[in-house]
Each structure stands twice: as structure tokens, then as C-alpha cells.
Amino acid sequence: MNQGDQIELKVTPDPYLTYRYAGASGDFNPIHIDEGFAKQVGLPGRILHGLWTMAQVARAHTDAAGGPDKLRRLSVQFRGIGQLGQEIVVSGTVTEVNDGVAAVESQAEQAGQRIIRNGRAEIAA
Amino acid sequence: MAANPSAVGKSYPPSTYVVGREKIREYAAAVGETNPLYFDVDAARAAGYGDLVAPPMFAVVFGAPSVGPAILDPDVGIDFARMLHAGQEFVWGPLVVAGDEITTTATVKDISDRGGMNFFVFETVSQNQNGETVCTGTWSQIVRGG
């Protein structure tokens with residue numbers, strides 16, 4: 001990877017995704033799987049797991065880097081609410097390459113809202 | 001509920017997780033992965049791995065049983081209903097493969113009160129059966145004031 005390289009990944013979470021991810025991850029927080037509960041606590045409905053969205057950011061990096069062994073570090077901040085049925089666009093830029101390690105800054109955007117910001121990754125270049 | 005900084009430094013009993021092939025496939029499918037390393041044992045072995053490779057973010061699966069009790073610990077004092085996942089960091093070592101036995105220890109790293117919101121930071125350190133650190137996780141939670 002070289003300085004200035006761009007990475008991008010687009011994905012649209014289907015309406016049943018949060019059930020599958022809850023089972024796969026073990027995170028059964030009702031805000032992700034119970035429409036009534038989610039509305040009761042002031043959310044528009046069931047929302048995405050932040051760590052699922054982070055996994056999309058991670059996948060954008062490992063796909064671009066050529067494999068999972070290249071990803072050394074990833075940190076993100078979660079903001080707002082990730083919604084079902086709306087496209088998410090992960091985008092990132094290689095900001096520098098030093099000693100064989102590429103630094104990547106990234107974000108994930110959905111419906112004009114940055115639901116992940118300040119993504120910072122280190123990838124073996 | 002007020003933040004209780006006296007819990008900083010508290011550690012929890014390690015949890016051990018044995019990584020299974022079907023769990024890797026289930027997780028990889030749920031997050032939309034298509035890399036054959038996560039699904040096809042022959043492809044993983046041809047690439048030099050002992051068995052199916054776990055995606056890096058599979059660290060959530062073996063880390064959660066350790067960080068969960070810390071988040072729910074009354075000594076820490078998180079009001080779960082008001083908790084938001086604010087940030088996450090993972091630093092990875094050698095890749096995890098099916099059959100690995102991963103032991104994770106969670107620690108309370110920081111508790112602070114800023115602008116009416118309580119901040120809680122937990123760390124998980126996960127090691128494989130060879131004593132190699134495969135992942136260090138930093139889990140940051142915010143609890144909104146009430």
C-alpha cells in the first residue's frame with residue numbers, strides 16, 4: 001500500500017442481520033433484536049451492533065491489504081445510530097507508510113451520518 | 001449512578017474459549033466476509049495455516065465473555081440501560097485459527113466523569129495456548145447522565 005491509496009467498501013445490512021450477528025457474536029442486547037424495547041428506550045427501532053459496523057471497517061482494510069494477517073491495529077469511535085436496510089459506505093485513505101507499516105484513516109457513513117469516525121489502522125504494507 | 005473510580009485496576013478471572021470451525025464460519029458469514037481462509041480448510045492449509053483462520057474481529061467473540069462480567073460488575077457501577085459503546089481498539093498478534101484455546105483477562109483501565117457523562121474503559125488481553133498475545137482490546141463505554 002502506498003501513501004494516498006484509497007479503500008472503499010459498500011454494504012447494505014438486511015432487516016434480519018442483527019439476529020444473525022447477535023447469534024454469531026453473543027451480543028443479545030435487546031436494542032439490537034427487540035423492536036418494542038428499542039422504541040421504548042427512544043430509538044427509532046432495532047439498531048446495528050457497533051462492532052458489526054467496525055467489522056465492515058476491518059473487512060475494508062483486510063480486503064485492500066490482501067489478507068487478515070496484514071491488519072495490526074484498528075481503533076474507531078462510534079457515533080449516532082446504525083440502521084438496517086440503508087447502505088453503509090466505508091472509506092479510508094493511506095496517510096503515510098513508515099518502515100513497512102501503512103497508517104490508514106477511515107470512517108463509515110450511512111444516510112449522510114458518520115456512524116464510525118476517527119478510524120485509525122496500521123497495516124503491514 | 002456516580003462513577004466509582006476505586007474499581008480502576010480491578011481484574012476479573014480469565015475466561016477460556018476454544019475456537020471452533022463452525023463458529024468461525026458463522027461469524028465470518030454474519031459480517032459479510034468472503035475470504036476462503038475463513039470458510040475452506042483446504043484453502044487455509046494451502047496458505048500455511050493449521051486450520052480455518054478467524055477474521056481479526058472474531059476477537060469480539062472470545063473477548064466478550066471476559067469483558068461482559070466487568071461491564072456488569074456492581075463495583076464498577078455502570079447503568080447498563082444508559083450505556084453507549086463509544087469506542088473500540090484492537091491490536092492483533094498472530095492470527096487465531098480453529099482449535100486454538102484463547103484465554104482472556106479483563107481489567108478496568110479508567111473510570112472518569114466528564115461533563116455529566118461517565119466514561120469507562122476496559123482492557124482485554126487474549127493469549128493462545130502457546131502464550132502468544134493474539135489480541136489486546138480497549139473497550140470504551142459512555143454512560144449518559146440521568
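In what follows, chains carry the letters A, B, and so on, assigned in the order in which the sequence lines appear, proteins first and then strands, with residues in each chain numbered from 1.
Note on B:V125: it does not cluster hydrophobically with A:L74, by side-chain heavy-atom contacts below 4.5 Å among ILVMFWY residues. Taking hydrophobic clusters as Ile, Leu, Val, Met, Phe, Trp and Tyr residues chained together by side-chain heavy-atom distances below 4.5 Å, B:F119 does not share a cluster with B:F80. Using a 4.5 Å cut-off between side-chain heavy atoms of Ile, Leu, Val, Met, Phe, Trp and Tyr, with links allowed through other members, B:V8 and B:I142 fall into different hydrophobic clusters. In the hydrophobic clustering of this structure, A:M54 groups with A:L84; members are Ile, Leu, Val, Met, Phe, Trp, Tyr whose side-chain heavy atoms approach within less than 4.5 Å, directly or through other members. No continuous path of ILVMFWY side-chain contacts below 4.5 Å connects A:F28 to B:L72, so the two sit in separate hydrophobic clusters.
If you measure heavy-atom distances from A:V11 to chain B, you find no contacts under 4.5 Å at all. Looking at B:V91, the atoms closer than 4.5 Å to chain A (heavy atoms on both sides) sit in the backbone and in the side chain alike.
Connectivity analysis of hydrophobic side chains (ILVMFWY, heavy atoms under 4.5 Å, direct or indirect) links A:L43 to A:I31, A:F37, A:V41, A:I47, A:I81.
Across all non-hydrogen atoms, the minimal contact from A:A55 to B:V31 is CB-CG1, 3.7 Å. When every heavy atom of A:L17 is checked against every heavy atom of B:A30, the shortest pair comes out as CD1-O, 3.4 Å.
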Output the donor-acceptor atom pairs between chain A and chain B under 3.5 Å, with atom names and distances to 0.1 Å.
unit_1: A:G23; atom_1: O; unit_2: B:K23; atom_2: NZ; d: 3.0
unit_1: A:A24; atom_1: O; unit_2: B:K23; atom_2: NZ; d: 3.2
unit_1: A:W52; atom_1: NE1; unit_2: B:A30; atom_2: O; d: 3.0
unit_1: A:Q56; atom_1: NE2; unit_2: B:V31; atom_2: O; d: 3.0
unit_1: A:R59; atom_1: NE; unit_2: B:V31; atom_2: O; d: 3.3
unit_1: A:R59; atom_1: NH1; unit_2: B:G32; atom_2: O; d: 3.1
unit_1: A:R72; atom_1: O; unit_2: B:W92; atom_2: N; d: 2.7
unit_1: A:R73; atom_1: NH1; unit_2: B:E89; atom_2: OE2; d: 2.5
unit_1: A:L74; atom_1: N; unit_2: B:F90; atom_2: O; d: 2.9
unit_1: A:L74; atom_1: O; unit_2: B:F90; atom_2: N; d: 2.9
unit_1: A:V76; atom_1: N; unit_2: B:Q88; atom_2: O; d: 2.8
unit_1: A:V76; atom_1: O; unit_2: B:Q88; atom_2: N; d: 3.0
unit_1: A:F78; atom_1: N; unit_2: B:A86; atom_2: O; d: 2.8

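Contacts of A:E96 classified as side-chain hydrogen bond (donor to acceptor under 3.5 Å, both in side chains), with partners at least two apart in sequence or in another chain: A:N98.
For residues 54-63 of chain B, a heavy-atom distance under 4.5 Å to chain A picks out B:P56, B:M57, B:V60, B:V61, given by residue number.
Per-residue heavy-atom pair counts under 4.5 Å with chain A were compared for B:A28, B:A64, B:A86, and the maximum is reached by B:A86.
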